[in-house]
Novice: 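My questions will all concern the structure given below.
Values in this document were obtained by computation on a predicted structure and should not be read as measured data. In what follows, chains are A, B, ... by sequence order, proteins preceding strands, each numbered from 1. Values below: all heavy atoms of this structure, side chains included; hydrogens, waters and symmetry mates excluded.
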There are 2 protein chains.
Amino acid sequence: MAKFYKEYDKHLVALDCIIFGFDEGELKLLLLKRKFEPAKGEWSLMGGFLKSDESLDEGARRVLHQLTGLSDIYMEQLHVFGELNRDPGERTISIAFYALIKVDENDRKLAETHGAHWVSVNQIPQLIFDHNQMVDKALRTLRSRTERKPIGFELLPEKFTLPQLQSLYEAINQEQLDKRNFRKRILETGLLEKLDEKEKGASKKGAYYYMFNKEKYLMYAEMGFHFQMKVKKSPLIKITT
Amino acid sequence: MAKFYKEYDKHLVALDCIIFGFDEGELKLLLLKRKFEPAKGEWSLMGGFLKSDESLDEGARRVLHQLTGLSDIYMEQLHVFGELNRDPGERTISIAFYALIKVDENDRKLAETHGAHWVSVNQIPQLIFDHNQMVDKALRTLRSRTERKPIGFELLPEKFTLPQLQSLYEAINQEQLDKRNFRKRILETGLLEKLDEKEKGASKKGAYYYMFNKEKYLMYAEMGFHFQMKVKKSPLIKITT
DNA sequence: TATGTAAGTGTTCAATATACACTTTATAGC
DNA sequence: GCTATAAAGTGTATATTGAACACTTACATA
């Protein structure tokens with residue numbers, strides 16, 4: 001291939017992956033301790049450098065796989081971070097990707113053997129470079145996404161209960177929702193199909209399992225929809241002086 | 001500065017600018033004929049290469065200024081395009097930015113002397129590489145943006161009339177809105193301040209000028225809001241066979 | 001001064017969102 | 001096996017918001 005652009009600067013391009021999972025009623029983030037200098041040993045997102053023979057998506061998937069063993073994760077672009085001194089090692093621009101995944105036992109082990117850890121988004125430690133800023137942006141994007149697209153398919157197991165789904169929404173948006181209104185709204189979208197089976201163990205009564213209707217889910221994910229509810233009024237707390 | 005990342009590939013990073021303006025009741029896009037190989041002479045977005053000593057935003061502004069003379073334009077990141085063969089010249093990843101601007105006489109001349117042209121978004125020619133795809137994405141982003149953020153500040157002159165504002169919304173979303181409902185909704189946001197002055201010339205009666213309340217505008221731009229209206233029912237068209 | 005053209009204005013009805021509390025179910029402990 | 005407990009499940013009345021719809025006003029120009 002002829003080279004037309006000889007005279008222009010070339011740049012290191014990093015790919016950083018922000019992976020959210022939902023576990024134990026909490027929204028979690030996958031982090032690891034950086035294995036090379038600079039900032040070796042500090043908490044970091046999964047990151048690596050783009051190669052010349054791979055597209056951005058391929059690169060991001062490769063980086064994630066190398067660092068955690070996770071494969072077949074669909075990630076979306078979040079933002080490009082390109083301040084001059086964001087990486088003290090060398091001028092690097094970083095393309096941040098994010099994904100939502102359901103964490104199964106297998107993934108959990110894979111991640112662990114690679115030294116990755118799931119951390120609650122409420123307890124994110126200090127990360128290297130501008131990675132905290134990236135996580136911030138990803139969280140804000142994720143929150144606004146819940147209002148415009150269905151969510152859950154990527155974060156919950158195939159069968160899940162309505163209380164689980166509600167607690168997912170509550171964990172992402174950090175707010176309490178009214179049970180009746182939540183059910184009514186989510187059911188009337190037609191996204192969910194009720195199964196004839198109950199979850200046992202989590203409660204005495206047991207909650208019915210549901211599944212997503214895949215076609216409807218994809219349709220809404222494509223076209224967008226609207227899902228916003230007022231936060232449940234918290235019971236008044238009397239402040240005594 | 002110590003170099004830690006010697007062994008990694010480096011890449012050409014392009015910055016492409018998608019500039020929307022509103023003029024004569026139409027949403028327009030700024031294009032120019034590419035001045036260098038490959039694809040010299042074909043229609044293109046304003047693009048150039050990132051330099052090592054500038055941030056992404058700085059680079060995008062520089063490119064836009066060099067190619068059109070426009071300055072002080074605030075652009076937002078749209079997306080990164082990084083398919084392997086998107087640029088036949090050489091492997092290049094491109095960060096696309098977009099902006100909305102109000103086109104004044106001065107800008108118009110500046111752009112013209114630089115060989116740039118304002119083209120209606122309804123008549124976009126074939127562009128080089130993946131630039132049509134970039135414009136597509138920018139348009140979709142712009143449309144969804146009208147539902148979540150106030151718009152107009154960047155596209156209209158300081159003083160504008162309600163019919164102008166409505167026609168901006170209609171041009172962006174390519175739909176007709178009901179005059180009374182539009183006015184009611186936009187006025188009750190508190191975003192607008194009515195002036196004691198009428199626009200003359202555009203109509204016999206003349207429409208009152210309004211300005212944006214800058215604080216409210218910034219507040220809503222930051223927090224987001226909701227502005228969505230059903231499209232006006234088009235009068236029935238009888239199809240005779 | 002008559003005519004034409006776009007600006008401006010309110011109300012009714014329908015749909016949707018919110019607030020709110022008791023009943024049901026099954027387990028586990030006695 | 002009876003009882004206590006803890007979470008799941010369910011419906012309605014009211015308030016709010018959104019949509020549909022047509023005539024009057026102001027001014028310029030002929």
Side-chain angles (χ1 to χ4, degrees), chain A residues 24-25 146-148 156 159-171 173 175-211 220 225-237, chain B residues 24-25 146-148 156 159-171 173 175-211 225-236:
Chain A
E24 299 167 0
T146 61
E147 294 177 4
R148 292 198 306 284
L156 292 172
K159 299 189 297 185
F160 53 87
T161 66
L162 285 182
Q164 284 177 326
L165 184 60
Q166 179 174 347
S167 97
L168 170 60
Y169 271 84
E170 292 177 336
N173 292 303
E175 60 193 21
Q176 297 269 102
L177 301 174
D178 179 274
K179 191 166 47 161
R180 283 167 290 189
N181 293 339
F182 178 82
R183 287 167 164 266
K184 204 186 315 162
R185 290 285 307 278
I186 199 79
L187 287 174
E188 74 196 9
T189 61
L191 277 168
L192 299 182
E193 281 166 9
K194 187 175 181 175
L195 304 182
D196 232 4
E197 189 189 351
K198 275 187 168 183
E199 175 200 44
K200 292 296 168 74
S203 81
K204 291 172 184 171
K205 183 174 179 184
Y208 280 102
Y209 280 118
Y210 286 77
M211 293 179 64
Y220 280 126
F225 80 151
H226 233 275
F227 196 81
Q228 200 175 7
M229 302 180 65
K230 216 174 228 179
V231 173
K232 190 181 183 175
K233 257 192 192 155
S234 52
L236 283 180
I237 296 166
Chain B
E24 297 167 1
T146 61
E147 294 176 5
R148 292 200 307 284
L156 291 172
K159 298 189 299 186
F160 54 87
T161 67
L162 286 182
Q164 284 176 327
L165 184 61
Q166 180 174 347
S167 96
L168 169 60
Y169 272 83
E170 292 177 336
N173 291 304
E175 60 193 22
Q176 297 269 103
L177 300 174
D178 180 273
K179 191 165 48 161
R180 282 166 292 188
N181 292 340
F182 179 82
R183 286 167 165 265
K184 206 187 313 163
R185 291 284 307 277
I186 199 78
L187 286 174
E188 75 196 8
T189 62
L191 277 167
L192 299 181
E193 282 166 7
K194 188 175 182 177
L195 303 183
D196 232 3
E197 189 188 350
K198 274 188 168 181
E199 176 201 43
K200 291 299 167 72
S203 81
K204 289 171 185 170
K205 183 174 178 184
Y208 280 101
Y209 280 118
Y210 286 78
M211 292 178 64
F225 79 151
H226 234 276
F227 196 83
Q228 198 174 9
M229 302 180 65
K230 216 175 227 176
V231 172
K232 190 180 183 176
K233 257 192 192 154
S234 52
L236 283 179

Novice: Is it true that the NZ or CZ of A/R148 lies under 6.0 Å from the centre of A/F227's six-membered ring and within 45 degrees of the ring axis?
Specialist: no
Novice: So, OP1 or OP2 of D/dA8: does either fall under 4.0 Å of a side-chain N or O from A/K204?
Specialist: no
Novice: In whole Å, what is the span from the OH atom of A/Y208 to the C1' atom of C/dA26?
Specialist: 11 Å
Novice: Let's test your reading of the model: under 3.5 Å, does the base of D/dA20 pair with the side chain of B/N181 as donor and acceptor?
Specialist: yes
Novice: Round to a whole Å and report the spacing from NZ of A/K230 to C1' of C/dT16.
Specialist: 13 Å
Novice: For B/L165 and C/dA7, give me the distance from atom CG to atom C1', rounded to whole Å.
Specialist: 15 Å
Novice: From A/Q166 CD over to A/N181 CG, what is the distance, rounded to the nearest 0.5 angstrom?
Specialist: 9.5 Å
Novice: From the options C/dT27, D/dG18, D/dA28, select the nucleotide whose nearest atom is closest to the side chain of B/R185.
Specialist: D/dG18
Novice: Please check: side-chain N/O of A/Q164 versus main-chain N/O of A/T161, any donor-acceptor pairing under 3.5 Å?
Specialist: yes
Novice: Toward the 5' end of DNA chain C, which comes first, A/D178 or B/E199, by nearest nucleotide?
Specialist: B/E199
Novice: When the nearest nucleotide of DNA chain D is assigned to A/R180 and to B/K198 on a heavy-atom basis, which residue is associated with the more 5' position?
Specialist: A/R180
Novice: Choosing from C/dA7, C/dA19, D/dG9, which nucleotide comes nearest the side chain of B/P163?
Specialist: C/dA7
Novice: What nucleic acid atoms does B/K184 come within less than 4.0 Å of, heavy atoms only: base, sugar-phosphate, or nothing?
Specialist: base
Novice: Please give, in whole Å, the distance from D/dC21 C1' to B/L177 CG?
Specialist: 15 Å
Novice: Is any side-chain N or O of B/K205 under 3.5 Å from a base N or O of D/dT25, one able to act as donor and the other as acceptor?
Specialist: yes
Novice: Counting heavy atoms from C-beta on, name the nucleotide in C/dA19, D/dA20, C/dA7 closest to the side chain of B/A207.
Specialist: C/dA7
Novice: Quick one: are the ring centres of B/F160 and B/Y209 less than 6.0 Å apart?
Specialist: no
Novice: Mapping B/K200 and A/L187 onto DNA chain D by nearest heavy atom, which one lands closer to the 5' end?
Specialist: A/L187
Novice: Return the value, rounded to whole Å, for the distance between atom CD of B/E197 and atom P of C/dA7.
Specialist: 16 Å
Novice: Using 30° and 60° as the class limits, which term best fits the ring planes of A/Y220 and A/F225: parallel, tilted or perpendicular?
Specialist: tilted
Novice: At under 4.0 Å between heavy atoms, what does A/K179 touch on the DNA or RNA strands: base, sugar-phosphate, or nothing?
Specialist: base
Novice: Can you tell me the distance, in whole Å, between the CZ atom of A/F182 and the C1' atom of D/dG11?
Specialist: 18 Å
Novice: Specify the separation, in whole Å, of atom CD of A/Q166 and atom P of D/dT10.
Specialist: 14 Å
Novice: Could you check how far CZ of B/F227 sits from P of D/dG18, rounded to whole Å?
Specialist: 10 Å
